[in-house]
There are 2 protein chains.
Amino acid sequence: MELFTSTYENRIDRKGRVSVPAKYRSILEHRNEPLILTRALNLPCLEGMSAERMNQIADAIDALDAYSEDAAILQMIMASAQEFRPDSEGRIGLPDEFLAHANLDEMVLFVGVGRIFQLWQPNAYHERENISRNAARSGRTPQLILKPRANGGQNGDSK
Amino acid sequence: MELFTSTYENRIDRKGRVSVPAKYRSILEHRNEPLILTRALNLPCLEGMSAERMNQIADAIDALDAYSEDAAILQMIMASAQEFRPDSEGRIGLPDEFLAHANLDEMVLFVGVGRIFQLWQPNAYHERENISRNAARSGRTPQLILKPRANGGQNGDSK
DNA sequence: TGCTATCCCATAAAATCCCATGAGAGCGAC
DNA sequence: GTCGCTCTCATGGGATTTTATGGGATAGCA
């Protein structure tokens with residue numbers, strides 16, 4: 001499976017390290033790409049993605065006028081991004097800015113949301129989940145429009 | 001990764017030297033290219049890049065009318081460019097014009113913005129970051145259209 | 001002779017490597 | 001089904017290396 005799914009709650013040890021879920025790691029390793037984390041623009045969480053996606057953003061920046069305000073905002077994404085190379089046990093050390101942005105202390109909740117995954121303070125995520133769920137119950141469901149994929153033939157392989 | 005990301009705040013010592021972040025150094029060394037610094041055109045910061053990037057800018061200038069005002073302005077980028085060779089500990093000495101242009105005194109904030117990086121007076125950058133972040137929060141986010149890349153893409157997605 | 005830039009060595013803190021342990025999932029034999 | 005074996009994975013912590021930084025020594029240069 002090429003998509004990040006499910007959730008995993010892992011501990012931050014006293015050195016500030018946390019294990020990246022093995023499922024996520026194997027996706028990145030399978031693509032032979034390093035792990036990138038960024039601070040989400042408008043949420044108190046971190047976002048994890050492959051380097052491929054960062055390159056796409058860099059391309060988007062280059063396509064803009066280098067001195068425009070739009071470019072400045074996209075550059076903020078790059079400035080908050082950091083490359084991580086998990087140690088031999090699959091852990092990464094989270095720097096203070098990242099811990100602070102997502103209010104992380106003891107535990108981290110990894111949340112797979114498809115092409116990327118998020119890192120949440122567990123309670124913060126559960127609150128947010130309840131809010132969204134209640135919104136859905138009260139009828140405010142989003143439109144979900146599925147389109148056929150271009151490369152219909154290939155499906156997910158695995159280990 | 002090939003991109004300059006994240007931020008690093010380093011001290012200018014009493015001899016006027018500052019360490020170039022090891023991550024940035026290794027990118028340049030990996031490409032076997034010297035470090036070039038310029039004064040940013042419309043911002044109080046310096047910009048660091050590889051020599052290859054300089055060539056791209058030169059190409060962009062050539063694409064303009066050689067006698068236009070725009071070309072004259074962009075040529076100032078080249079005029080302010082200077083090549084630096086870090087010492088054995090990875091430090092460079094910043095000349096006075098550069099210190100003055102970016103109002104640098106004690107600390108330098110290296111800000112990776114993709115294909116280049118910037119050198120800011122820390123407070124000056126944080127102010128600018130707040131402005132951009134508020135703009136992003138209030139909905140004025142730039143269009144971000146991610147395009148599949150020519151070389152890297154194993155995952156055929158479009159969205 | 002002063003000034004400046006560069007080389008070299010030293011050091012503390014932070015990041016990373018490496019080995020160990022234990023819980024738990026999966027699996028096969030019975 | 002269930003017992004026990006194996007393997008994976010998250011976690012802990014000591015050992016080692018990297019990195020930023022300070023400063024003395026040396027060599028040009030005005």
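Just so it is clear, the structure is predicted and the values come from calculations on it, not from any experiment. Note on naming: letters A, B, ... go to the chains in the order of the sequence lines (proteins, then strands), and numbering restarts at 1 for each one.
Screening residues 82-99 of chain B for side-chain hydrogen bond (donor to acceptor under 3.5 Å, both in side chains), with sequence neighbours left out, gives B:Asp87-B:Arg91. Listed by first then second residue, pairs satisfying side-chain hydrogen bond (donor to acceptor under 3.5 Å, both in side chains) with a partner in residues 100-113 of chain B read B:Arg11-B:Glu106, not counting sequence neighbours. Legend: side-chain hydrogen bond (donor to acceptor under 3.5 Å, both in side chains) pairs involving residues 110-127 of chain B, not counting sequence neighbours, sorted by first then second residue: A:Asp59-B:Arg115, A:Asp62-B:Arg115, B:Glu47-B:Gln118, B:Gln118-B:Trp120. Among residue pairs with one or both ends in residues 52-76 of chain B, none qualify as ring-ring contact (aromatic ring centres under 6.0 Å, His included); sequence neighbours excluded.
Judged by closest nucleotide on DNA chain D, A:Arg25 is the one of B:Gly90 and A:Arg25 placed further toward the 5' end.
Of the residues in residues 110-126 of chain B, not one places a heavy atom less than 4.0 Å from an atom of DNA chain D.
From B:Cys45, atom SG reaches atom CZ of B:Arg39 across 12.5 Å, with rounding to the nearest 0.5 Å. Here the straight-line distance linking atom OG of B:Ser80 with atom CG of B:Leu37 works out to 9.5 Å at 0.5 Å rounding. With rounding to the nearest 0.5 angstrom, the NE2 atom of A:His30 is 13.0 Å from the OG atom of A:Ser50.
Hydrophobic cluster of A:Ile145: no remaining members, since no ILVMFWY side chain lies below 4.5 Å from it.
Using modelled atom types, one finds a donor on one side chain and an acceptor on the other under 3.5 Å when comparing A:Arg137 with A:Asn134.
Applying the salt bridge (Lys or Arg N to Asp or Glu O under 4.0 Å) test to B:Arg25 and every residue at least two apart in sequence or in another chain returns nothing. A search for ring pair (Phe, Tyr, Trp, His ring centres under 6.0 Å) contacts involving A:Phe117 returns A:Phe4, A:Tyr24, not counting sequence neighbours. Qualifying salt bridge (Lys or Arg N to Asp or Glu O under 4.0 Å) partners for B:Arg17, counting only residues two or more places apart in sequence or in other chains: B:Asp13.
A donor-acceptor pair is defined here as one N or O able to donate and one able to accept, closer than 3.5 Å; such a pair exists between the side chain of A:Asn10 and the backbone of A:Ser19.
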Nucleotide N/O to protein N/O under 3.5 Å, stretch nucleotides 15-19 of chain C:
residue, atom, partner, partner atom, Å
C:dC17, N4, A:Arg17, NH1, 3.4
C:dC18, N4, A:Glu89, OE1, 3.2
C:dC18, N4, A:Arg91, NH2, 3.2
C:dC19, N4, A:Glu89, OE1, 3.1
C:dC19, N4, A:Glu89, OE2, 3.0

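What separates CG of A:Asn10 from P of C:dG24 is a distance of 14 Å, to the nearest Å. Look at CG on A:Leu99: it is 14 Å from P on C:dA14, rounded to the nearest Å. One can place CD1 of B:Ile12 at 14 Å from P of C:dA5, the figure rounded to the nearest angstrom. One atom, CG of B:Asp96, and another, C1' of C:dT4, lie 12 Å apart when rounded to the nearest Å.
One end of the helix from C:dT1-D:dA30 to C:dC30-D:dG1 points its axis 30° away from the other end's axis, with each axis taken from 5 pairs and the angle rounded to 10°.
From the 5' end on, the contacts that DNA chain D makes with chain B at under 4.0 Å to a non-hydrogen atom open and close at D:dT19 to D:dA25.
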